[in-house]
Number of protein chains: 2
Amino acid sequence: MPPRIKSEQDREKLRASILDAARTLFAERGIDAVSMREIAKKINYSATTLYHHFADKEALLQAVCDEDFLKLANGMHQVMLLPDLVARIQALGKGYAMFALQHPNHYRLMFMTPRAPCNPDITRIQQGNTEQDAYAQLKLVVRDAFEAGLFRPELSDSELIAQTIWAGIHGVCSLQIALGQEGWIQWVDIEARLQLMQSAMLQGILRHPATANNI
Amino acid sequence: MPPRIKSEQDREKLRASILDAARTLFAERGIDAVSMREIAKKINYSATTLYHHFADKEALLQAVCDEDFLKLANGMHQVMLLPDLVARIQALGKGYAMFALQHPNHYRLMFMTPRAPCNPDITRIQQGNTEQDAYAQLKLVVRDAFEAGLFRPELSDSELIAQTIWAGIHGVCSLQIALGQEGWIQWVDIEARLQLMQSAMLQGILRHPATANNI
DNA sequence: GGTGTTAAATTAACGACGTTAACTAATATA
DNA sequence: TATATTAGTTAACGTCGTTAATTTAACACC
């Protein structure tokens with residue numbers, strides 16, 4: 001039997017250890033393959049205890065993802081200091097891809113697993129807040145570049161541009177995570193795939209593509 | 001109690017109706033949300049009967065996917081008759097995307113789920129066979145276009161180009177499948193996202209991008 | 001020190017799941 | 001007609017997410 005909790009601080013500590021155990025197991029074996037009982041056993045509690053901290057499995061999963069989203073957005077924030085707008089977009093893509101490839105299992109939970117629409121009652125992330133939401137950061141830079149007239153004149157929607165850039169990087173990363181180990185595809189080096197995706201997309205989107213050559 | 005089966009033909013008919021019921025339910029509500037009992041009830045059989053035709057749920061799912069992917073590759077095969085190489089690449093991408101968006105749950109299993117990829121022990125698809133494998137078809141067209149000198153001179157690896165095109169389309173589709181219902185992203189129309197991805201990538205890759213404008 | 005009160009944790013249970021064993025009834029074959 | 005095979009069933013096992021009922025420990029107060 002685990003020790004009783006006394007202070008509010010201890011309660012928070014237990015909550016954090018549940019999150020840690022859940023994240024590890026989810027990342028190791030996938031969401032459906034991990035039971036609430038298993039998570040509880042990992043920290044020497046009974047399964048019911050988890051329900052005193054999270055409404056259900058879905059809420060626990062959402063909390064795990066929230067933490068990862070914040071971690072990702074934090075890393076991106078430094079990139080935003082770069083002066084050149086195109087360089088900023090490139091660095092955002094590179095940083096995003098590095099996060100995805102270095103934390104493939106978290107990335108899978110965050111961006112490759114369909115879930116019930118994000119319920120504002122259970123997520124604590126403030127979507128749209130650039131300090132907590134990596135996509136909001138990309139949107140911001142792309143809008144700045146759009147207003148600076150850096151994109152081709154026929155492109156009239158900066159949100160569409162941001163979503164396309166995101167999709168391109170995500171496509172390379174998620175294919176690598178999902179099928180990178182498959183023997184029947186002769187995968188080219190992942191760095192080369194990322195680089196070609198970046199440069200091809202920028203060449204296709206920028207008004208003066210020359211600026212995209214130096215990566 | 002359903003009628004007894006007499007001939008081998010009837011047996012095959014039952015197998016097909018199991019596949020149909022499973023496909024419908026999987027596509028409607030997702031794989032994990034559908035039980036074997038439910039599939040069986042839909043065709044007025046007991047759950048056990050399914051196990052006389054498929055080893056387990058995984059095998060049933062794989063059989064459903066096999067059928068659909070053969071259908072995909074078949075549809076692609078007609079596209080290969082188009083005379084213009086660039087138009088062929090564009091049509092391949094469009095067909096691939098339509099398949100992904102119309103069968104999101106099957107697409108998710110084949111291309112978005114690591115560790116449960118196309119298992120050669122249970123799949124009957126022959127990877128690399130252009131009649132059964134859509135990626136092999138893309139590779140073929142891209143190599144033809146490469147040898148025809150359609151790509152930028154600095155691009156020296158046709159497999160890298162094929163993988164990048166695949167990643168771009170896959171990125172749009174898989175983001176839509178995984179996060180398309182998320183309210184916190186103001187998604188632009190999926191058709192527009194696909195079109196920009198196609199045209200931007202082609203503009204970035206082709207030697208004479210003008211050919212990519214007419215979609 | 002005893003006595004409630006309350007919060008934290010537990011055990012036990014429910015209904016649904018995938019799957020399997022044991023069984024039944026109908027057909028085919030001899 | 002007797003027997004073997006086959007297609008289908010029911011019943012059961014162990015696990016799952018989740019909840020109700022219950023126990024246990026720490027604290028406040030007399």
Side-chain angles (χ1 to χ4, degrees), chain A residues 1-19 21-23 25-26 28-65 109 113-116 119 121-122, chain B residues 1-19 21-23 25-26 28-65 105 109 113 115-116 119 121-122:
Chain A
M1 189 151 47
R4 297 281 144 158
I5 273 177
K6 307 144 208 169
S7 63
E8 180 63 29
Q9 199 183 16
D10 281 354
R11 199 186 143 76
E12 197 57 42
K13 205 173 275 179
L14 172 54
R15 191 190 138 96
S17 86
I18 295 175
L19 280 173
R23 175 174 18 255
L25 289 175
F26 282 154
E28 266 174 18
R29 290 206 291 289
I31 295 156
D32 289 315
V34 173
S35 70
M36 296 293 269
R37 288 170 171 85
E38 201 174 352
I39 297 169
K41 182 183 273 181
K42 195 179 170 93
I43 55 171
N44 289 324
Y45 277 85
S46 75
T48 19
T49 295
L50 305 197
Y51 289 87
H52 296 146
H53 293 258
F54 301 94
D56 51 21
K57 193 181 184 180
E58 171 70 20
L60 171 55
L61 175 59
Q62 187 64 250
V64 169
C65 286
L109 290 184
T113 308
R115 282 194 303 279
N119 188 341
D121 296 337
I122 51 179
Chain B
M1 189 151 48
R4 297 280 144 160
I5 272 176
K6 306 145 208 167
S7 64
E8 180 63 30
Q9 199 182 15
D10 282 353
R11 197 185 145 77
E12 198 55 44
K13 205 172 276 181
L14 172 55
R15 192 190 137 96
S17 84
I18 294 174
L19 281 173
R23 176 186 298 102
L25 290 175
F26 283 154
E28 265 174 18
R29 290 206 290 289
I31 293 150
D32 289 315
V34 174
S35 70
M36 296 293 269
R37 287 171 172 86
E38 201 173 352
I39 296 169
K41 182 183 275 181
K42 194 180 171 91
I43 54 170
N44 289 323
Y45 277 85
S46 75
T48 331
T49 295
L50 305 198
Y51 289 88
H52 295 148
H53 293 258
F54 301 95
D56 51 21
K57 191 180 184 181
E58 169 73 19
L60 170 55
L61 179 58
Q62 188 63 250
V64 169
C65 288
N105 290 308
L109 184 88
T113 309
R115 195 80 190 118
N119 188 337
D121 295 337
I122 48 180

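Note on naming: letters A, B, ... go to the chains in the order of the sequence lines (proteins, then strands), and numbering restarts at 1 for each one. We use all heavy atoms of the structure for the numbers below, so side chains are in, but hydrogens, waters and symmetry mates are not.
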**Q** Take T49(B) and L14(B) through the test side-chain contact (heavy atoms from CB on, under 4.5 Å) and record every step on the way to the result.
**A** CA-CA 10 Å; T49(B) 295; L14(B) 172 55; 4.3 Å; yes
**Q** Nearest whole Å is fine: how far is dT6(D) C1' from D10(B) CG?
**A** 14 Å
**Q** Can you tell me which nucleotide in dG17(D), dT19(C), dT10(C) comes closest to the side chain of T49(A)?
**A**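 For the T49(A) side chain, the nearest candidate turns out to be dT10(C).
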**Q** Send over the distance from L14(B) CG to dG8(D) P, rounded to a whole Å.
**A** 6 Å
**Q** Nearest whole Å is fine: how far is dG18(C) P from L61(B) CG?
**A** 12 Å
**Q** Could you grab the distance from atom CZ of R15(B) to atom NE2 of H53(B), nearest 0.5 Å is fine?
**A**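 With rounding to 0.5 Å, CZ (R15(B)) is 9.0 Å from NE2 (H53(B)).
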**Q** Taking atom P of dT9(D) as reference, at what distance in whole Å does atom CG of L50(B) sit?
**A**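 Rounded to whole Å, this separation is 10 Å.
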**Q** Would you please name every residue forming a side chain to side chain donor-acceptor pair (under 3.5 Å) with T48(A), sequence neighbours left out?
**A** S46(A)
**Q** Among all residues two or more places apart in sequence or in another chain, which pass the salt bridge (charged side-chain N to carboxylate O under 4.0 Å, His left out) test with R37(A)?
**A**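 So R37(A) forms no salt bridge (charged side-chain N to carboxylate O under 4.0 Å, His left out) with any residue.
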**Q** Anything under 3.5 Å between a protein N or O and an N or O of nucleotides 10-14 of chain D, put it in a table, one pair a line.
**A**
residue: dT10(D); atom: O4; partner: T48(B); partner atom: OG1; Å: 2.7
residue: dA12(D); atom: N6; partner: R37(B); partner atom: NH2; Å: 3.4

**Q** Calculate the interatomic distance between M36(B) atom CE and dC16(D) atom C1'; express it in whole Å.
**A**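 That distance rounds to 17 Å.
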**Q** Kindly compute the distance separating CG (N105(B)) from CG (L61(B)), expressed to the nearest 0.5 Å.
**A**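 Between atom CG of N105(B) and atom CG of L61(B) there are 9.0 Å.
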**Q** Do Y45(A) and I18(A) have side chains that get closer than 4.5 Å, going by heavy atoms?
**A** no
**Q** Atom NZ of K57(B) and atom P of dT20(C): how far apart are they, to the nearest Å?
**A** 14 Å
**Q** Provide, to the nearest angstrom, the distance between the CZ atom belonging to R11(B) and the P atom belonging to dT27(C).
**A** 17 Å
**Q** Hey, which sits more toward the 5' end of DNA chain C by its nearest nucleotide, H52(A) or D32(B)?
**A**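 Whichever sits nearer the 5' end wins; that is H52(A).
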**Q** For the helix from dG1(C)-dC30(D) to dA30(C)-dT1(D), what is the angle between the axes at its two ends, each from 5 pairs, rounded to 10°?
**A**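 Answer rounded to 10°: the end axes differ by 30°.
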**Q** Hey, does L19(B) have a side-chain heavy atom less than 4.5 Å from the side chain of L60(B)?
**A** yes
**Q** Taking only residues two or more places apart in sequence, or in another chain, which ones meet E28(A) in a side-chain contact (heavy atoms from CB on, under 4.5 Å)?
**A**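 Per chain and number, E28(A) pairs via side-chain contact (heavy atoms from CB on, under 4.5 Å) with T24(A), L25(A).
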**Q** Begin from the C-alpha positions of F54(A) and Q62(A) and carry the test side-chain contact (heavy atoms from CB on, under 4.5 Å) through to its verdict.
**A** CA-CA 10 Å; F54(A) 301 94; Q62(A) 187 64 250; over 6 Å; no
**Q** Distance check: side-chain N/O of Y45(A) vs OP1/OP2 of dT10(C), anything under 4.0 Å?
**A** no
**Q** Mind calculating the distance between OH (Y51(A)) and P (dA13(C)) to the nearest angstrom?
**A** 19 Å
